[in-house]
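Read through the structure below, which is laid out as C-alpha cells, and then see the notes.
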Amino acid sequence: MSVTEFTPAKFAVVLEASGRRVDRPGKITRAEELRLQLADEIVQGALRPGAPLDETEIAKRFNVSRTPVREALRQLAASGLIEARAHRRAVVARPSLERLSGMFQAMAELEGLCAGLAAERMPLAERHRLQAVHEELRVLSYVGNPDRFHEVNERFHNAIYTGSQNSYIAEITLATRVRVQPFRRAQFRNLGRLAKSHAEHEAVLVAIMRGDRTGATAAMRAHIELVQDEYESYVHSL
C-alpha cells in the first residue's frame, strides 16, 4: 500500500493553517506571540477566569492592530482558555478537568502513533537530524531556558510527525497540539522538568533509531501522559 509523502512543503501548509509562519523558519507570527503571552498569563493566574478580554485594549497594550489580536483570541478559544461569545467581549475560562484530560489523551494516542510510524518509515537522514535536535535539547536542559527549550521541543515533535510519512495523521496531530500547546508549554517551568523531558525524549529517540515501532509508540505515549501530570503539578503550585 502506498503512503502519501509528507513533504516539507505540505508540512508548511499545515503550519500556516495553525498560525505558524512558514516563510521565515524559526519565527512565529505576531498573532502567535500574542497567543503565547496571553496563554501564559491565563495559565499562571495573572488573568483570572471571568476576566474580560477586549480586542481594542489588548491591541493598545501590545501596540498592534486588532487583526493579530482577533486571531490570537480565536486560537485561545480553540484551546479552551477563553470563551468567545457572539457580539460580546471574550472572557477568560479554564477548560474543565474532563475536557483537558480528553485533550491530553488524544494527544498521547496521536503522538504515539506518529512515533511508531516514524520508527518504521523515517529516512535515515531524518533520523540523524532528529538526533541532532535531541542533542540541542540536551544543552538547553542544562542552560535552564524553558522558553527556548519549548521552541526546540516543537522541532523535535514536528520531525516525528513528518517522519510518520502520513500527511493526514501528521495534520490532525499538529492541529491537536496547537490546542494543547499552552498547557504543554507551562509545565516546562517546573523545577527539573527540562532534564526530565529530555530523558523522556531519549526513550522515544532510541526506539525510533532502532526501528522499534512498539517501543516508540509506548515511549511517546508515556511522555505525553507525564506532560499532563507535570502541567497539573504546575497549576497546583501557583
Side-chain angles (χ1 to χ4, degrees), residues 3 5-6 8 11 14-15 18 20 101 103-181 183-190 192-234:
V3 177
E5 183 181 4
F6 195 45
F11 193 70
V14 179
L15 289 175
S18 68
R20 296 298 303 271
S101 178
M103 291 166 67
F104 271 108
Q105 183 178 12
M107 192 80 264
E109 294 301 320
L110 288 168
E111 293 226 26
L113 178 58
C114 284
L117 291 174
E120 290 186 337
R121 301 172 177 177
M122 181 180 278
L124 183 59
E126 290 184 20
R127 293 175 198 245
H128 289 317
R129 283 194 290 271
L130 180 66
Q131 195 168 28
V133 175
H134 181 62
E135 289 305 310
E136 188 174 351
L137 285 169
R138 184 192 304 278
V139 174
L140 291 171
S141 70
Y142 295 144
V143 173
N145 184 333
D147 291 334
R148 179 58 182 157
F149 189 95
H150 167 74
E151 293 174 10
V152 179
N153 177 70
E154 296 225 318
R155 285 168 45 204
F156 181 87
H157 286 270
N158 287 347
I160 293 173
Y161 303 166
T162 306
S164 74
Q165 300 287 295
N166 185 307
S167 60
Y168 183 73
I169 292 173
E171 287 169 13
I172 60 176
T173 303
L174 179 60
T176 303
R177 192 187 72 197
V178 168
R179 295 190 172 199
V180 182
Q181 186 186 50
F183 314 106
R184 295 178 70 157
R185 188 168 184 257
Q187 48 98 29
F188 286 131
R189 295 185 174 85
N190 285 350
R193 178 56 191 154
L194 303 189
K196 292 178 183 177
S197 179
H198 184 267
E200 292 157 22
H201 283 181
E202 180 87 18
V204 176
L205 177 67
V206 168
I208 289 176
M209 296 299 286
R210 290 176 176 172
D212 178 4
R213 177 171 182 169
T214 301
T217 299
M220 181 62 86
R221 187 184 292 127
H223 170 51
I224 302 303
E225 289 171 353
L226 286 170
V227 168
Q228 180 179 359
D229 292 343
E230 289 285 342
Y231 168 71
E232 292 175 357
S233 296
Y234 172 76

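What you see below is based on every heavy atom in this structure, not just the backbone, and it leaves out hydrogens, waters and symmetry mates. Starting from 1, each residue takes its place in the sequence as its number.
Summarising the local packing, CZ of R179 is surrounded by 12 or fewer heavy atoms from other residues, nucleotides or ligands at distances under 6.0 Å. Q105 CD: 12 or fewer foreign heavy atoms inside a 6.0 Å radius.
Among residues two or more places apart in sequence or in another chain, the side-chain hydrogen bond (donor to acceptor under 3.5 Å, both in side chains) test is passed with Q187 by R193. Listed by chain and number, the residues in a ring-ring contact (aromatic ring centres under 6.0 Å, His included) with F104 amount to none (sequence neighbours excluded). Residues meeting the salt bridge (Lys or Arg N to Asp or Glu O under 4.0 Å) test with R129, sequence neighbours left out: none. For the salt bridge (Lys or Arg N to Asp or Glu O under 4.0 Å) test, residues two or more places apart in sequence or in another chain that qualify with E136 are R148, R155.
Here the CZ-NE2 distance, from F156 to H198, works out to 8.0 Å after rounding to the nearest 0.5 Å. The CD1 atom of I160 sits 12.0 Å away from atom CG of L113, with the distance rounded to the nearest 0.5 Å. Here the straight-line distance linking atom CG of N166 with atom CG of L117 works out to 6.5 Å at 0.5 Å rounding. One distance of note links CG of L174 with OG of S167; it measures 12.5 Å at 0.5 Å rounding. From R184, atom CZ reaches atom OG of S197 across 8.5 Å, with rounding to the nearest 0.5 Å.
Within the 3.5 Å criterion, the main-chain N or O of S164 finds a donor-acceptor partner in the side chain of R121. A distance-only check finds no donor-acceptor pair linking the side chain of N153 to the backbone of F149 [under 3.5 Å]. Judged by distance alone, the side chain of R127 and the main-chain N or O of M122 form a donor-acceptor pair under 3.5 Å.
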Throw together a table of side-chain donor-acceptor distances under 3.5 angstrom for residues 204-215, partners on residues two or more places apart or in other chains.
from: D212; atom 1: OD1; to: T214; atom 2: N; distance (Å): 3.3
from: D212; atom 1: OD1; to: G215; atom 2: N; distance (Å): 2.9
from: R213; atom 1: NH1; to: E120; atom 2: OE1; distance (Å): 3.0

Return a table of donor-acceptor pairs under 3.5 angstrom between the side chains of residues 222-229 and protein atoms on other chains or two or more places apart.
from: H223; atom 1: ND1; to: E200; atom 2: OE1; distance (Å): 2.6
from: H223; atom 1: NE2; to: H201; atom 2: NE2; distance (Å): 3.3
from: Q228; atom 1: NE2; to: E232; atom 2: OE2; distance (Å): 3.3

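Contact annotation: the side chain of R189 approaches that of D147 to within less than 4.5 Å [non-hydrogen atoms, C-beta and beyond]. The shortest side-chain heavy-atom distance between H157 and M220 falls under the 4.5 Å cut-off. Two residues are said to be in side-chain contact when any heavy atoms from C-beta on lie closer than 4.5 Å; L194 and L140 fail this criterion. Counting heavy atoms from C-beta on, the side chains of E154 and Q181 come closer than 4.5 Å.
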Applying side-chain hydrogen bond (donor to acceptor under 3.5 Å, both in side chains) to E171 and Y161, what does each step give before you reach the verdict? CA-CA 8 Å; E171 287 169 13; Y161 303 166; over 6 Å; no

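Closest non-hydrogen pair, P146 versus G144, comes out as CD-O, 3.3 Å.
Contact check on R177 versus E111 returns no salt bridge, with no Lys/Arg side-chain nitrogen under 4.0 Å from an Asp/Glu carboxylate oxygen.
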